[in-house]
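Take a look at the structure set out below.
Chain letters run A, B, ... following the sequence lines, proteins first, then strands; residues in each count from 1.
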Number of protein chains: 2
Amino acid sequence: MRRFIILGHTAAVDPEFTLNDLPGSAGRLDVLCRCVNSALLLSHGIREDTEIHLILQDRYTIRITGDEVQYLNPDERSTGALLQKALEKKEVTDVTEEQVSTPGIYIREQGFADVLDQIPGTVLQLHEDGEPVVDVDLPNDPVFVLSDHQDFTEEEQALLQDHADQRVRLGPQRLHADQAITVVHNAVDTDGFSSY
Amino acid sequence: MRRFIILGHTAAVDPEFTLNDLPGSAGRLDVLCRCVNSALLLSHGIREDTEIHLILQDRYTIRITGDEVQYLNPDERSTGALLQKALEKKEVTDVTEEQVSTPGIYIREQGFADVLDQIPGTVLQLHEDGEPVVDVDLPNDPVFVLSDHQDFTEEEQALLQDHADQRVRLGPQRLHADQAITVVHNAVDTDGFSSY
């Protein structure tokens, strides 16, 4: 299983936002929508071996699993609607334990430290001083941690330092989180194939 | 210069669509918006060495250049608004010659055959039977041709066959066009670096 953790520093936790303004009133939720697309969608297919954890303001975590998710389309607006529905769920239900919103989409009151503690697999930090991803022997159950449009905070970096088993880099350019996910997937897809 | 040509088979050519429904009333214009993002945007930056040509229904071509473009944001809706503005331009101006819409965004009455004839650089076809992109010595001015959510038509494939100098593949998975652009950029970014 491939797992991605995305830190949404400013993402709305209140479902009262308009889908017409994901970058504004929803606190750059557009960034997270694009990450969901990159993590889970293929051309005419879904990556069933992948799971993404969106951590909103270090307070709530929305988990989406490729093997269960339904109603997921590639455009930002429809993904934004699914995330909004998950946020509505927590308004009417206790989410100290994880609760399902729509099929394959779960929400829970949980911050970054707890997600890192509980997630199975080997945590890899994407870092410009890391080893080129193509040179790395990737683990079976990699967990990649990315930040949204903002850099990791010092506290988040310290947590990562404690949990990450390895640092990898993707290339000389600084990519958006969703672009980085796409490159990571491609690296894992082609890993171990001398000619893929 | 890196160039991308994207075939938008169903994309709206009439600007009378709502930004609230890019996948529907705008004929999957969301696909092209994501391609613009992948082609031109970096985290906190623009790929100034890149140009994208969006061919709408084989009738109009919107060209966006990284070194000139302004007002470009990563979310689909704001990119959709820029494309809509370009389509409005052709309603009030003769576009048999290329005309500027907003800075760095041009529109012209031009189909795929003419774009292929006139574009500078070496045309590379992305094809599942091609050579792995990491094994290819990439040319200085590559032109990558991709299709939207639909496959190339037979006529388009025949045109490509005539113009493409090489076929390359990106990996074992079938990616969305915007994801493919991201992988291609990464391949070019890291090409020639033994350790990038």
Side-chain angles (χ1 to χ4, degrees), chain A residues 18-24 26 28-31 33-34 37-39 41-45 47 73-80 128 131-135 146-151 169-191 193-196, chain B residues 18-24 26 28-31 33-34 37-39 41-45 47 73-80 128 131-135 146-151 169-191 193-196:
Chain A
T18 165
L19 295 173
N20 294 344
D21 187 22
L22 293 174
R28 298 307 310 272
L29 203 66
D30 62 310
V31 178
C33 293
R34 286 194 293 281
N37 173 330
S38 302
L41 294 180
L42 289 165
S43 179
H44 309 292
R47 289 189 182 269
N73 288 303
D75 67 294
E76 284 166 20
R77 188 186 173 91
S78 65
T79 305
E128 54 195 16
E131 206 179 339
V133 67
V134 289
D135 298 340
L146 299 97
S147 185
D148 58 4
H149 58 295
Q150 296 186 354
D151 287 334
R169 70 185 301 219
L170 304 179
Q173 299 286 7
R174 286 198 66 188
L175 304 179
H176 281 296
D178 62 303
Q179 297 169 340
I181 291 172
T182 299
V183 172
V184 162
H185 262 320
N186 187 252
V188 182
D189 288 344
T190 58
D191 187 48
F193 292 82
S194 59
S195 178
Y196 46 78
Chain B
T18 166
L19 296 172
N20 294 345
D21 187 21
L22 292 174
R28 296 306 311 271
L29 203 66
D30 62 309
V31 178
C33 292
R34 286 193 294 281
N37 173 332
S38 301
L41 294 180
L42 288 166
S43 180
H44 309 292
R47 289 189 182 267
N73 289 303
D75 68 294
E76 284 166 20
R77 188 186 174 92
S78 65
T79 304
E128 54 194 14
E131 207 179 338
V133 68
V134 290
D135 297 340
L146 299 98
S147 186
D148 57 4
H149 58 295
Q150 296 186 354
D151 287 334
R169 71 185 302 217
L170 303 180
Q173 297 286 8
R174 286 198 66 188
L175 303 179
H176 280 296
D178 62 303
Q179 297 169 341
I181 291 171
T182 299
V183 172
V184 163
H185 263 319
N186 186 252
V188 182
D189 288 344
T190 57
D191 187 48
F193 291 82
S194 60
S195 178
Y196 47 79

>> For the backbone of A/His149 and the side chain of B/His44, can you confirm whether one donor and one acceptor N or O come within less than 3.5 Å of each other?
In response: yes

> For A/Asn73, is it the side chain, the backbone, both, or neither that has a heavy atom closer than 4.5 Å to a heavy atom of chain B?
Replying inline: neither

>> Please classify the contact between B/Leu42 and chain A as side chain, backbone, both or neither, with a heavy-atom cut-off of under 4.5 Å.
In response: both

>> Going by side-chain hydrogen bond (donor to acceptor under 3.5 Å, both in side chains), name the residues that satisfy it together with A/Ser43, two or more places apart in sequence or in a different chain.
In response: none

> Listed by chain and number, what are the side chain to side chain contact (heavy atoms under 4.5 Å, CB included) partners of A/Ser38, not counting sequence neighbours?
Replying inline: A/Asp178, A/Ile181, A/Thr182

> Taking the side chain from B/Asp30 and the backbone from A/Pro74, do they hold a donor-acceptor pair closer than 3.5 Å?
Replying inline: no

> Are any side-chain N or O atoms of B/Arg77 and backbone N or O atoms of A/Asp21, one a donor and one an acceptor, separated by less than 3.5 Å?
Replying inline: no

> Most heavy-atom pairs under 4.5 angstrom with chain B, which of A/Glu76, A/Gln173, A/Arg47?
Replying inline: A/Glu76

>> Tell me the closest heavy-atom pair linking B/Arg34 and A/Asp75, and the distance in Å.
In response: NH1-CA, 3.4 Å

> Within a strict 4.5 Å, meaning less than it, do heavy atoms of the B/His185 and A/Gln179 side chains meet?
Replying inline: no

> Do side-chain atoms of A/Asn186 reach the backbone of B/Gly171 as a donor and acceptor pair under 3.5 angstrom?
Replying inline: no

> Looking at B/Leu175, B/Val183, B/Leu19, B/Asn20, which one has more heavy-atom pairs under 4.5 Å with chain A than the rest?
Replying inline: B/Asn20

